[in-house]
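Residue numbers begin at 1 in each chain, while the letters A, B, ... track the order of the sequences.
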Protein chains: 2
Amino acid sequence: MAMTSERTDDPACTGDPPGDHTGDPRGTTHGGPVSHSLSRVARLHRIAAGKLLRRTGLYPGQEFLMMRLWNTDTVRQSELIKAMDLDPSTVTKMLQRLDQAGYVRRSADPEDRRAVLVEATGESCTLRSEVADAWTDLEEQTLAGLDEAERGELARLLAKVEENLCRETQECPERRGEAGTAAEERRPADRE
Amino acid sequence: MAMTSERTDDPACTGDPPGDHTGDPRGTTHGGPVSHSLSRVARLHRIAAGKLLRRTGLYPGQEFLMMRLWNTDTVRQSELIKAMDLDPSTVTKMLQRLDQAGYVRRSADPEDRRAVLVEATGESCTLRSEVADAWTDLEEQTLAGLDEAERGELARLLAKVEENLCRETQECPERRGEAGTAAEERRPADRE
DNA sequence: ACGTATTCCTTGGCCGACCAAGCTAAACTC
DNA sequence: GAGTTTAGCTTGGTCGGCCAAGGAATACGT
């Protein structure tokens with residue numbers, strides 16, 4: 001079916017790499033770098049999450065958002081964006097889909113006419129326990145066979161890695177409360 | 001079922017979760033479950049990879065494929081799919097884009113007229129060292145501040161998690177031993 | 001030989017996620 | 001006030017990734 005280009009068949013650069021990057025029998029890149037492993041694990045983890053979440057009707061990524069929504073009854077979209085540290089456009093599209101699915105309601109903020117207020121609908125509450133169960137299952141699937149010490153160690157190392165990557169990508173404005181969910185609530189109930 | 005915007009005025013299910021999943025004062029889920037952390041790390045890692053890869057013109061995910069291609073001079077697409085353990089359609093689309101970008105060439109297999117042979121083009125060789133450098137940088141960014149022991153431990157734990165998720169999703173057909181990762185990098189039973 | 005898997009790949013649709021622009025409404029100058 | 005910046009969100013595009021179907025060529029069973 002119509003290969004695009006018929007060209008000289010140069011043998012590519014098969015064989016040894018130009019630099020001496022890969023020839024590293026022992027050392028940092030032994031047995032596949034951690035980055036490699038991390039990518040694979042991330043993908044598998046997302047697949048597993050997707051499978052568990054499927055029965056709830058949510059797609060992986062949306063649970064994050066819904067969980068935040070279930071904790072605070074009405075949130076500004078900008079707060080959501082900051083809390084999840086996602087691109088604004090990503091959140092917009094997710095909310096559009098969740099809105100259409102009936103899990104979320106959006107309304108204009110009367111106080112700031114360019115802002116949007118978001119809240120979870122009553123129907124979404126049905127999902128809440130299912131999502132929580134799915135995450136519990138996922139956690140157990142992920143960590144099966146690891147004892148408490150290993151789990152703690154993994155959590156610790158991941159946190160360290162996260163901080164590294166945060167700093168590097170500058171995607172992490174500042175450490176927002178990771179222990180408490182609503183640690184940095186702006187103005188709780190600032191209605192007048 | 002035209003349920004675009006259904007009115008339910010109940011104030012969502014704000015407050016405490018129905019089950020008691022989250023209330024885990026001490027123990028495994030301290031500071032958020034590992035799944036949560038893993039998701040965030042995965043995203044940051046991908047962003048970092050994307051930034052490093054940007055100058056090469058590749059998108060994160062494509063380097064995997066190119067690396068495989070650079071090692072073996074001509075590969076059947078089905079081999080690629082198995083090696084990377086991706087969905088066939090994903091590989092097809094990636095190859096279409098890489099082909100159009102000039103980094104890859106596809107041709108019909110004369111031996112099996114439904115198969116497609118893939119090889120890296122000569123132009124792609126320019127990228128090779130850049131990609132290798134990017135991965136080295138990424139590895140260092142990711143693991144900054146972790147000593148050798150910690151790195152090893154992280155690699156070990158990730159491998160365990162990977163196996164867990166593999167088994168669960170059945171997405172992992174045995175490690176095909178072809179220039180593959182050292183699956184036996186860990187001696188059995190040398191725990192402390 | 002003939003029908004039936006099975007393999008290999010492609011298309012189309014969908015989602016999360018990014019970036020690049022853009023548009024509106026506030027806030028901040030002057 | 002008028003002009004400029006900034007915050008808040010949206011649209012459109014691209015990519016990796018999945019699934020669900022489908023088309024073609026091969027392999028298999030009888």
Under 3.5 Å donor-acceptor, [X] side chain and [Y] backbone:
X: B:E163; Y: B:K160; result: no
X: A:R151; Y: A:L146; result: yes
X: B:Q77; Y: B:V118; result: no

Flag the pair A:L154 / B:L154 as yes when at least one side-chain heavy-atom distance between them is below 4.5 Å, and no otherwise.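 Yes; the side chains approach each other to less than 4.5 Å.
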
What is the distance from [atom1] of [X] to [atom2] of [N], rounded to the nearest Å?
X: B:I81; N: C:dT7; atom1: CD1; atom2: P; value: 13 Å
X: A:H45; N: D:dG17; atom1: NE2; atom2: P; value: 17 Å
X: B:I47; N: C:dC18; atom1: CD1; atom2: P; value: 5 Å
X: A:F64; N: C:dG16; atom1: CZ; atom2: P; value: 13 Å
X: A:L86; N: D:dG8; atom1: CG; atom2: C1'; value: 16 Å
X: A:Q100; N: C:dC15; atom1: CD; atom2: C1'; value: 13 Å
X: A:M84; N: C:dG16; atom1: CE; atom2: P; value: 10 Å
X: B:D85; N: D:dG17; atom1: CG; atom2: P; value: 11 Å

Considering only D:dG16, C:dG12, C:dA20, which nucleotide approaches the side chain of B:R54 most closely?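 Within the option list, the nearest is C:dA20.
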
Nearest to the B:R114 side chain among C:dA26, D:dG12, D:dA25, which nucleotide is it?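 Closest nucleotide to the B:R114 side chain: D:dA25.
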
Between B:L165 and A:A48, which heavy-atom pair has the shortest distance, and what is it?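 Shortest heavy-atom separation between B:L165 and A:A48 comes out as CD2-CB, 4.1 Å.
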
Quick check on [N]: is either OP1 or OP2 less than 4.0 Å from any side-chain nitrogen or oxygen of [X]?
X: A:Q77; N: D:dA7; result: no
X: A:S78; N: D:dC9; result: yes
X: A:Q62; N: C:dG16; result: yes
X: B:R46; N: D:dG17; result: yes
X: B:T90; N: D:dC18; result: yes
X: B:R113; N: D:dG23; result: no
X: A:T92; N: D:dT10; result: yes
X: B:R97; N: D:dC15; result: yes
X: A:R43; N: D:dC18; result: yes

Give one of base, sugar-phosphate or nothing for A:D112, where a contact means two heavy atoms less than 4.0 Å apart.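 Sugar-phosphate only.
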
Nearest-nucleotide wise, let me know which of B:Y59 and B:S89 is further upstream toward the 5' end of DNA chain D.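 Nearest nucleotide further toward 5': that of B:Y59.
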
Quiz item: A:K82 side-chain donor-acceptor pair to D:dG8 base, under 3.5 Å: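 A donor-acceptor contact between them is absent.
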
Quick test of your reading of the model: are A:R156 and B:E150 salt-bridged, counting only N-O distances below 4.0 Å?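 Yes, A:R156 and B:E150 are salt-bridged.
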
